[in-house]
Number of protein chains: 2
Amino acid sequence: MQMTLKRRETMHRLCGKGLEIFNEKGYYNTSLDDILNELSLSKGAFYHHFKSKEDYFINIVQNLIVQKVYALLVEPLNTCENPLPAILESLENALEPGKKNEMAYGFMLNDFLTEFNKRNEEISNHLKSILSVWEVNLVSVLKRGKVDGHIARHVDCEGAATYIIASFLGMRSLMMDSTNGQLKYQYIQQLKQYFNAIAAQRVAA
Amino acid sequence: MQMTLKRRETMHRLCGKGLEIFNEKGYYNTSLDDILNELSLSKGAFYHHFKSKEDYFINIVQNLIVQKVYALLVEPLNTCENPLPAILESLENALEPGKKNEMAYGFMLNDFLTEFNKRNEEISNHLKSILSVWEVNLVSVLKRGKVDGHIARHVDCEGAATYIIASFLGMRSLMMDSTNGQLKYQYIQQLKQYFNAIAAQRVAA
DNA sequence: AAGAAACCAGACTAGTGGGTCGGTTTAGAG
DNA sequence: CTCTAAACCGACCCACTAGTCTGGTTTCTT
């Protein structure tokens with residue numbers, strides 16, 4: 001099955017570079033040749049592995065993007081401590097500029113969501129389902145926090161999750177330009193204020 | 001100078017319909033013919049009035065979009081009361097589905113911002129400057145609220161403004177699909193929580 | 001060794017969409 | 001009524017890009 005290995009390797013290279021360039025320039029503003037030239041591959045190679053540009057991108061979404069969201073935004077939530085600081089840390093980390101040349105700034109979710117929204121329903125649905133996974137996990141973690149007495153009982157966990165996601169996506173829109181260092185700091189600070197408001201009151205005595 | 005009137009009228013029709021369709025389908029996903037057909041105008045007519053598609057859109061931004069942002073998000077802030085409810089109301093109103101067929105959902109700012117971000121720096125800058133106007137006004141209103149004792153003294157007004165804008169932009173991303181009625185409600189509720197956190201404590205007695 | 005299957009090169013097709021250009025209509029001034 | 005200039009028309013041009021096709025090369029199987 002050596003051929004399968006070769007296949008996997010080429011597809012992997014294609015997906016990796018694809019995500020990189022799509023993230024950089026946007027999906028519709030990137031031609032296949034842009035990617036192919038960069039990898040010294042040809043149209044023939046590409047269409048041997050993927051049946052269309054759309055199929056290709058869905059592949060990228062379901063492999064690479066899903067993984068990233070899990071690693072950055074879902075798994076860090078599973079600490080047994082107070083969920084609020086855990087959420088805060090995951091968001092802060094996700095907004096971090098990429099180490100070295102890697103994907104930066106909580107990457108792309110908002111960008112792709114917006115780009116495909118009015119253009120390609122199928123891809124749009126894939127992306128939304130990723131968001132949905134994140135949301136579900138956020139909600140469940142918040143609810144657990146309520147049970148554990150870290151979050152006030154009156155809090156609407158679904159609403160809170162939606163709100164957190166919205167603010168995060170919005171920050172990505174604002175951080176697109178260069179002057180960003182303090183934006184992230186400001187965001188985290190204000191989020192803390194909000195978290196204070198939904199945290200259980202620690203009544204001393 | 002009747003000709004100038006004719007000119008203005010045609011340009012006005014073009015801009016209005018343009019904003020409508022661009023908002024609906026996105027700028028790059030809308031061809032000039034899409035708009036021209038709708039108005040029964042020709043390429044020739046278009047290029048008689050605008051020097052390019054880009055020039056055309058900048059025109060739309062600087063006339064129509066600026067106006068809408070002012071009307072919906074800036075002017076409502078100028079009440080002499082507590083700024084927090086005023087902000088809340090302006091956001092709620094801006095997220096309202098358009099009456100009749102008008103532009104809906106706090107319209108387009110986030111969408112266009114994202115669409116042009118990696119594509120057209122000039123337009124991108126125009127849009128950012130609109131955001132900036134909103135931000136400046138938010139900050140000044142917040143600061144006034146601090147002076148008037150409605151907002152806690154420790155609050156970072158710039159940070160708060162950024163945060164409010166981010167959450168608003170993010171909501172737009174989330175509200176793109178159909179199931180939205182309660183999203184807005186959730187958002188407003190959570191925003192209230194946040195506002196509670198930054199409001200001056202009313203110590204009774 | 002030979003044949004098949006996977007892999008890849010690159011010219012070509014077809015469709016799209018921004019922008020151009022010469023000609024035609026319209027409307028207001030004299 | 002004429003004459004001019006602005007407004008407008010629409011066929012055409014050109015650059016770009018997703019996707020196809022043919023043919024060649026490598027790699028595995030038997």
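Chain identifiers are assigned alphabetically (A, B, ...) following the order of the sequence lines, protein sequences preceding nucleic acid strands; residue numbering begins at 1 within each chain. Please read all numbers here as calculations on a predicted model, not as lab measurements.
Note on B/Tyr47: every side-chain N or O is 4.0 Å or more away from OP1 and OP2 of C/dT20.
One interatomic measurement links the two molecules: CE of B/Met11 to P of D/dA7, which rounds to 10 Å at whole-angstrom precision. As rounded to whole Å, 15 Å separates atom P of D/dT20 from atom NZ of A/Lys53. Distance, A/Asp55 CG to D/dT20 P: 12 Å, rounded to whole Å. Rounding to whole angstrom units, NZ of residue A/Lys51 and P of D/dT20 are separated by 11 Å. If you measure from atom CZ of A/Phe50 to atom P of C/dC8, you get 11 Å, rounded to the nearest angstrom. Atom-to-atom, OH of A/Tyr28 to C1' of C/dT16 comes out at 14 Å; the value is rounded to the nearest Å. Taking atom CD of A/Glu9 as the reference point, atom P of D/dT26 lies 17 Å away to the nearest angstrom. Look at CG on B/Asn37: it is 13 Å from P on C/dT16, rounded to the nearest Å.
For the residue pair A/Cys15 and A/Leu64, the shortest heavy atom distance occurs at O-CD1, 3.7 Å. Scanning both residues, A/Gly26 and B/Lys118, for their nearest heavy atoms gives N-CD, 4.1 Å.
No more than 12 heavy-atom neighbours from other residues, nucleotides or ligands sit within 6.0 angstrom of CD on A/Glu121.
The distance from atom CD of B/Glu115 to atom CZ of B/Phe22, rounded to the nearest 0.5 Å, is 9.0 Å.
A/Phe168 is listed as a side-chain neighbour of A/Leu95, based on a closest heavy-atom distance under 4.5 Å.
A salt bridge between B/Glu20 and B/Lys17 is present, with a side-chain N of the basic residue lying under 4.0 Å from a carboxylate O of the acidic one.
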Listing time: all N or O pairs from protein to nucleotides 8-11 of chain D that are below 3.5 Å?
residue : atom : partner : partner atom : Å
D/dC8   : OP1  : B/Thr10 : OG1          : 3.1
D/dC8   : OP2  : B/Thr10 : OG1          : 3.4
D/dC8   : OP2  : B/His49 : NE2          : 2.6
D/dC9   : OP2  : B/Ser42 : N            : 3.1
D/dC9   : OP2  : B/Ser42 : OG           : 3.2
D/dG10  : O6   : B/Gly44 : N            : 2.9

